[in-house]
Structures are given as structure tokens and as C-alpha cells.
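Remarks on the structure that follows.
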Amino acid sequence: YQAQGRQSALMVKINSGKIVDTTVVLGGVGSKINVIDSDVDAYGNVYVVGTYDQTAVFGKVSTRSVGANDIFVLKINPDCKVEWVKSIGGNNDDEPTQVYVDGDKVHVVGKFRGICSIDSHSLTSNGSSDGFWVQYSLDGLVEDLNSIGNIGEDSINTIVRLGGNIWIGGQFERIIE
């Protein structure tokens, strides 16, 4: 495989015989793509988060970043086809830290700076960076979102479910409210 820009990424499906079954290349002319995390649902779909800049191509779907580095969230079905791609970002660097599938919900956490657009929603950071959490349906619809942070560098780095509760973890500077 050859990179489709400054830096491409890939997801490789390896079968039980430890042989490469399928490769999904993520790239774009002039773009730089970085895969950060992935998770699977009960139906065999793979959800991937990472960063990209400029114009990135995910399967047959292309998207253009608003800022320096934006976040992508994508769903790859069991046939290794990209079903949907979502972009999260604004004029500054934005960064995912984890994707977590919980039944019929897809959770993405990370950090953003300034104003961050998530579909038709937007979040505004209170400081240098704030942490965010967004919940998608398995079809890629935003169901809930929130941010946390104050005047310093803040982020959400992990998310898990325990019983009926969602736990998020991260870091903060100075004061958190």
C-alpha cells in the first residue's frame, strides 16, 4: 500500500489463521491521518477515532478539516466498508483519546480548543483546552454531548460503564467545576 498524502492510516482485519484478510486504507491528497483508538460492537462493526487535516478520504467518503487537526469518527461494517464518518473540530487542534461502544451507544472522548463543532452542535472551551464527551447511536446520530474544563489544559482521556453508570477520567489544571 502507498500513502495517499503526507501520512495515511490503515485498519487491518486478520483472520483466525493470522493471515491478513482485508485492509482499509484511510488517506487523502496532502492529508495526515492518525488512528488513535478503535472498538467493536456486538454486530462486528468497528468504530475508529483519530485525527486528520486538510482533505481526508475514508472509503468513498471525504471530509475537509476546519482547523489544523480535526477528529474523525468512523464506522466500518463487517464487510470492511466504511458506513459513516463524522468530523469533530474547529479552528484549533482537537484530539480524541478513546472510542467506547456500550450496547447501542458509541462514546467518544477527548479534548478541544476554542469552538468545536459536532454535527449541528457546538461546544466552547473555557480555557486552553477542555475535555469533551459525545454519544452517538450506532447509525452515527449525536444523542448527547458535554464538555468539562476551566481556565487551564483539561481533557477527558477514558470512559467506561460500570453498572448503570458511565465513568469518565482525565486531567485538569488549576480548578475544575
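These numbers come from the heavy atoms of this one structure, side chains and all, not from hydrogens, waters or symmetry mates. A quick note: this is a predicted structure, and the numbers were derived from the prediction, not measured.
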- Which atom pair, heavy atoms only, marks the closest approach of E143 to S137? OE2-CB, 3.3 Å

- Kindly write out the residues that satisfy side-chain hydrogen bond (donor to acceptor under 3.5 Å, both in side chains) with N146, not counting sequence neighbours, or none if the list is empty. none

- Note on the structure: Output for pair (W167 CH2, I159 CD1), nearest 0.5 Å, gives 12.5 Å

- Query: Applying the 4.5 Å side-chain criterion to the ILVMFWY set and letting contacts propagate, would V106 and L141 be lumped into a single cluster?
  - Reply: no

- Distance-minimising heavy-atom pair for T158 and V109: N-CG2, 4.1 Å

- Item | Shortest non-hydrogen separation from N45 to P78 and the atoms involved | OD1-CD, 3.2 Å

- Message: Whether the side chain of D93 engages the backbone of N69 through a donor-acceptor N/O pair (distance < 3.5 Å, no angle test) should be reported.
- Response: yes

- Message: So which atom in C116 and which in I88 form the shortest heavy-atom distance, rounded to 0.1 Å?
- Response: SG-CG2, 3.4 Å

- With rounding to the nearest 0.5 Å, note down the distance linking OG in S128 to NZ in K111. 9.5 Å

- Query: By side-chain hydrogen bond (donor to acceptor under 3.5 Å, both in side chains), which residues pair with E95, not counting sequence neighbours?
  - Reply: none

- Message: Hydrophobic cluster membership, with links at side-chain heavy-atom distances under 4.5 Å among I/L/V/M/F/W/Y: are V160 and V108 in one?
- Response: no

- Query: Got a donor-acceptor contact below 3.5 angstrom from the N126 side chain to the G149 backbone?
  - Reply: yes

- Message: Nearest 0.5 angstrom please: F112 CZ to D130 CG, how far?
- Response: 4.5 Å

- Query: Can you pull the salt bridge (Lys or Arg N to Asp or Glu O under 4.0 Å) pairs that have at least one residue in residues 54-81, sequence neighbours excluded?
  - Reply: K75-E83

- Task: Could you list the residues that satisfy side-chain hydrogen bond (donor to acceptor under 3.5 Å, both in side chains) with W133, not counting sequence neighbours?
- Result: H107

- Task: Could you tell me which non-hydrogen atom of I33 sits nearest to which non-hydrogen atom of A56, and how far apart they are?
- Result: CD1-CB, 3.7 Å

- Query: In chain order, what residues pass the side chain to side chain contact (heavy atoms under 4.5 Å, CB included) check against V142, with sequence neighbours excluded?
  - Reply: I118, D119, H121, V134, Y136, L145

- Task: Taking the side chain as every heavy atom from C-beta outward, state whether F72 and V48 have any pair of such atoms under 4.5 Å apart.
- Result: yes

- Task: Measure the CG-OG distance between N91 and S65 for me, rounded to the nearest 0.5 Å.
- Result: 10.0 Å

- Message: I need the Y100 OH to I166 CD1 distance, nearest 0.5 Å.
- Response: 6.5 Å

- Message: Using 0.5 Å steps for rounding, measure from the CG atom of D94 to the CZ atom of F132.
- Response: 7.5 Å

- Are I71 and V66 grouped together when hydrophobic residues (ILVMFWY) are joined by side-chain heavy atoms under 4.5 angstrom apart? no

- W84 and V73, any side-chain heavy atoms less than 4.5 Å apart: yes

- Item | Pairing residues for D104 by the salt bridge (Lys or Arg N to Asp or Glu O under 4.0 Å) criterion, not counting sequence neighbours | none

- Atom CD1 of I36 with >12 non-hydrogen neighbours under 6.0 angstrom: yes

- Task: Evaluate the side-chain proximity of I148 to D154: yes if any heavy-atom separation is below 4.5 Å, no if none is.
- Result: no

- Short question: side chain of D41, backbone of Y43 - any donor-acceptor pair under 3.5 Å? yes

- Item | Between S155 and N157: side-chain donor-acceptor atoms closer than 3.5 Å | yes

